[in-house]
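Every chain is numbered from 1 and lettered A, B, ... according to where its sequence line falls, protein lines coming before strand lines.
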Amino acid sequence: MFRSYVLVCGGTGCTSSNSPKVIEALENEIKAVGLQDEVKVVKTGCFGLCALGPIMIVYPEGVFYSRVKPEWIKEIVDEHLLKGRIVKKYLYQETIDGDNIKNLMHTRFYEKQTRIALHNCGVIAAEDIDEYIARGGYTALEKVLFHMQPQEVIEVVKASGLRGRGGAGFSTGMKWQFTASAEGDVKYVCCNADEGDPGAFMDRSVLEGDPHCVIEAMTIAAYAIGGSQGYVYVRAEYPIAVQRLRIALAQAREYGLLGDNIMGTGFKFDIEIRLGAGAFVCGEETALMTSIEGNRGEPRPRPPFPANKGLFAKPTLLNNVETYANITQIINNGAEWFASMGTEKSKGTKVFALGGKVVNTGLVEIPMGTPLRTVIEEIGGGCPNGKKFKAAQTGGPSGGCIPASLIDTPLDYESMAAIGSIVGSGGLIVMDEDNCMVDIAKFFLDFTVDESCGKCAPCRIGTKRIYEMLEKITSGNGTLEDIDKLEELCYQVKSASLCALGQTAPNPVLSTLNYFRDEYIAHVVDKKCPAGVCKSLLQYVIDPEKCKGCTACARQCPVGAISGTVKQPHVIDSSKCIKCGACMATCKFGAISKK
Amino acid sequence: MDTVRLKINGIDVEAPKNATILEAAQSVGIRIPTLCYLKDINAIGACRMCLVEVKGARAFAASCVFPVAEGMEVFTNTPKVVAARKGTLELILSNHRMDCLSCPRSLDCELQALANEYKVDQYRFASNTKLEPDIEASAPHLVRDNSKCILCRRCVAVCKNNQHAAVIGTNERGYKTHIASAFDMPLVETSCVYCGQCIAVCPTGALTERDDTDKVWAALNDPTKHVVVGPAPSVRAQLGECFGMPIGTNVEGKLIAALKRLGFDKVFDVDTAADVTIMEEGTELLERLKNGGKLPLITSCSPGWIKFCEHYYPDLLENVSSCKSPQQMFGALVKTYYAEKAGIDPKDIFVVSIMPCTAKKFEVTRDHMSAAGVPDVDVSLTTRELAAMIRRAGIEFTQLKDEVADPIFGIASGAAHIFGATGGVMEAALRTVAEIVTGKTLANPDFHDVRGIANVKEAEYDLAGTKVRVAVTSGLENASKLLDKIRAGEADYHFVEVMACPGGCVNGGGQPHQPGQVRNFVDLRAERAKALYSEDAAMTLRKSHENPVVKELYDTYLGQPGSEKAHHILHTKYVARGLYNNK
Amino acid sequence: MKTPADLAAIRVAKKHLVASRHDNMNAVRVTVGMGTCGIAAGARAVSNAFVEEIFKAGLDEKAIVVLSGCMGDCSLEPMVTVEVPGAEKVTYVKMDAAKAARVVAEHIVNNKVVTDYTK
């Protein structure tokens, strides 16, 4: 038994900030001072406050060291772990409350969160099945296999109100019911871990931090619907998640929790991993399934629906990682417990990946219906550098934006749909006054154009034309007529595309047109970018009052666009200027600005 | 069969339970436009032209794949639906090189027809880049221009699903998607068999046959050349379709008349050579039956099938008959037998064949196809190219009076005519072989068991104690299944007919185009063959060995079928080929 | 292959590993004064003893052991404070491993302060 546990995040975010070196340093130093029998180092998954990574939490005190450098470890081990003197200067400063150190669950970031899907992430050793079991793992599966009938399980999931967390928000219980009722000699249980939305990493964190929770849930689902084989389709760009999953599957098989005779009941189920190959469209259910079959990853029309004819033309259940991550607790704590959180139609919690212009970027899990304001101002800590919040983008390339005027919108399926946005998979990008909404729309269309599978003309050609129009507008060559044409084209692509990628690709454009039409108009009429982002519309100007004529800028300019005599105010020729900004960076007198 | 009741545009419809909305609509005279759907070949719901509104549904339904349901209410032409179709057409046209003035498919193009119907042009969503031709023309039979491709995927589907070759596919994704072979390698280096089914199903001018008409015009206008032409059996059955005549109309008389007006020095008939083929191949079969030769004997008149065998079943090449195809026998005999008879130097004879086939353009270049020391056939034109020549020459086809081919090499039996249908070669051979083996005249020359469009047809005949088991197949996917059985030693046939094109030559890669609207509701294979079977049934000369031209050929020139001279002139050799990087 | 009974055994055996990884606001807090003087006086043996006794008593979820720096009275070391939620903090002085066992059994389990060891 150990006195103390030092948890270090080994998720992708903290790993890329060097947490493996922190872990290595810890293990070496703890051994060096002879503490290896008293203090255990635990490599966990993501605990959420990614902005402060690498993250290190010492239990049982619950103190939170942030942005940990390997060079600090000797001091921390000597002072804190050996001598009991917490090294305050390395702590997350918000936890310091005079002489007291607050538990980090009482900081602004964590106070309003309810970690259900993430309940084990950042807490257990990600590669140790025993820790998962110790925390109640596989009790839900035991309950299901020994004490519940398949239909009972489905009823519980239905009653919980859980809806698909991948973005569509379809009733999970209904989906299980359809697949259970379908006729087929073989049924499949699939997990969608393709997570393609830019800025989304909820599913990644669950797989990196708590892979067994997904395995257990898939096994429960297989029991409920009569499935015998499972597949986790995970994007190849998640090597740590894949590795953790591989280890977890091997451990589960070793313990007989997967295989031919699960827990001695004779129930058979096993899971294979299938890697994606760099296609966002393979997150679409029919494209995902045909990809597993070895074909080009392209969606197909429905009906038939996957519940009836899916993978290998058999009834197939496909759920998102986060959807599965809720199942074990719903089974153990009951449908009413889950349904007691959230709103009337959107039950439970949702994990959001908070990114962009916000102080506390990271992973956040909140009850459905939490207002956006809470997420941005309290949990997120607001926009940094005193900038004004402008809009939040949810749902990635399929979603819309929520303008500052609607910051009190609750985050649930119905409320978001009512304002023209979607909850989506959970990506939540915060934007401030320095973001150009037309540029944001263009960013998402750039992504969609690249990811379109090419099967149907409206998406294949339509998204490209939308992007071309946005380029035209942001380069200063657009007209008012272009804005109307753009809107019409968006509706065309939305209504005629074969799958949800094309049907939702225009959403960022339509949403920004709806709430920020004045920005579009400024781009085409005034040929100006109000946020100062679109390069072609920027003008770099020298203020003659402030200019000392030192010629430093003229000498920096790579294209000789600045002219003037020594000690006289200089002038930039905007027809030559390539908007590189070198002059502004050089000027010591603040005489150059861009507008 | 169970049916369901639904409403389409307010009209009550009763349709089979597993029908699609498209089929149900057609049954009450409602046409829903399609560009990518082709029955039994391509059902992927990709082009989005067939979108319809279904009451209560969240989004449009692709009617070509959407199944009907009891009580469904469908609307095929609401303003929203029309707007969606127009928008899709606009987008397609914005990425389509509009070459309509000189494109070979102009007035016969499914995209052009729809664009005109919806009054759409591309200018609203015009791209800034000017489209240049994007040509791939390495293979001898076709030209691909991806700047005109609308990515309907019909060509990919027919090549993979129906022809077992899968040498073309979609490369890259999104806007950069294009149809090409693996790693964009030239088509000629793949195991493409040149069957031309991809051309036949293409709705636009993206895929066309290589145009060899200029060579023929040049020959016709060259006074030093003696230009001889012969049409294949199927041409007379389908040429009328190019001039607005109903499918299945036999236009043999007008065909010959048109060829004469085009200025050919002699208008013979390849069907005559088909009768010779039966003599040679029938003899070959009897030889193998008697002397324990390689069985089953497999027919060899389909050059697409031959190339397929060389790529995919080289171990079965010994089974294939060494007989040349009727086209090649035709040219060989014209440049030997006829040249001698007419006293013309074979080097001055220019032989043109009119074929329903694109692989014949390759066949004329094969080795061991020069009986007189010069290529047996100089140019093979498709039915489509002939139609273009007839139009260019200002010949009013439908007004022509029937004429007959020059009798020196222009008389053919009914058995020869039915070569164009699947099972035709088999039936023709059986008529001759049966009479030779039994020594008796057949009471009824019809062999119905080998007719029809089933994937594989089998029959067993007792010919004076000799049991002869036969099989007939068409379409290379069907052929591959049969050949797998033969290869595994599980098939017990003596004689097998294989045709590359589904349904036989009447549905060949060089035949007139029929748009999806026709192909989806009319079985071309069956309808087109009718012209040949009815011509045969009405004739008195119905067996190859009774053909007087054939008799004289053997009596005065070749001797016996299978003689050394016959072998030199009328037989050929094959070569095993790899699947990729064929140089 | 693990039966439910096997899994239950693992749960029991490994419970202590994960028991303390939450905010522990309602746990009994045993603070052992460390610092250089504490270590010199043998405080490490005391903290280890507390950990072991708490584990043996099956109280991993109810009580935690933390360290602190020097508590001040170096002559009274090793010093240990025990805070039961809702009750006053009790300070024990001149502790050793054996005394730790008694504090766990009486104070933490039965809520009876061991006045013999207090200041």
Counting only heavy atoms closer than 4.5 Å, note whether B:Leu51 contacts chain A via side chain, backbone, both or neither.
-> side chain
Output the distance between atom NZ (A:Lys455) and atom OG1 (B:Thr177), rounded to the nearest 0.5 Å.
-> 12.0 Å
Distance col, row A:Gln492:CD vs B:Arg48:CZ, nearest 0.5 angstrom, shows 10.5 Å
Measure A:Lys464 against the heavy atoms of chain B and call it side chain, backbone, both or neither at under 4.5 Å.
-> side chain
Mind checking what makes side-chain contact (heavy atoms from CB on, under 4.5 Å) contact with B:Ala24, not counting sequence neighbours?
-> B:Ile8, B:Val13, B:Ala15, B:Val68
Check whether more than 12 heavy atoms from other residues, nucleotides or ligands sit under 6.0 Å from atom [atom1] of [X], and answer yes or no.
X	atom1	value
A:Arg517	CZ	yes
A:Glu183	CD	no
B:Lys39	NZ	no

Among [options], residue most engaged with chain B (heavy-atom pairs, under 4.5 Å):
options	value
A:Glu298, A:Arg302, A:Gln503	A:Glu298
A:Cys459, A:Ser497, A:Gly297	A:Ser497
A:Asp450, A:Thr463, A:Val449	A:Asp450

Can you check side-chain hydrogen bond (donor to acceptor under 3.5 Å, both in side chains) on B:Ser94 and A:Arg465, steps first, answer last?
-> CA-CA 9 Å; B:Ser94 81; A:Arg465 299 291 175 246; 2.9 Å; yes
Option in B:Pro67, B:Cys152, B:Ala46, B:Gly169 with maximal non-hydrogen atom pairs under 4.5 Å from chain A | B:Ala46
For residues B:Leu91 and A:Leu489, report the shortest heavy-atom separation together with the two atoms involved.
-> CD2-CD1, 3.9 Å
Nearest non-hydrogen partners of A:Leu498 and B:Ile44, listed with the distance | CD1-O, 4.0 Å
With the side chain counted from C-beta on, respond yes when B:Phe60 and A:Ser495 share a heavy-atom pair under 4.5 Å apart, and no when they do not.
-> yes
Are B:Arg173 and A:Arg296 close enough that some pair of their side-chain heavy atoms sits under 4.5 Å apart?
-> yes
Are there residues of residues 75-90 of chain B that reach to under 4.5 Å of chain A by heavy atoms, and which ones?
-> B:Ala83, B:Ala84, B:Gly87, B:Thr88
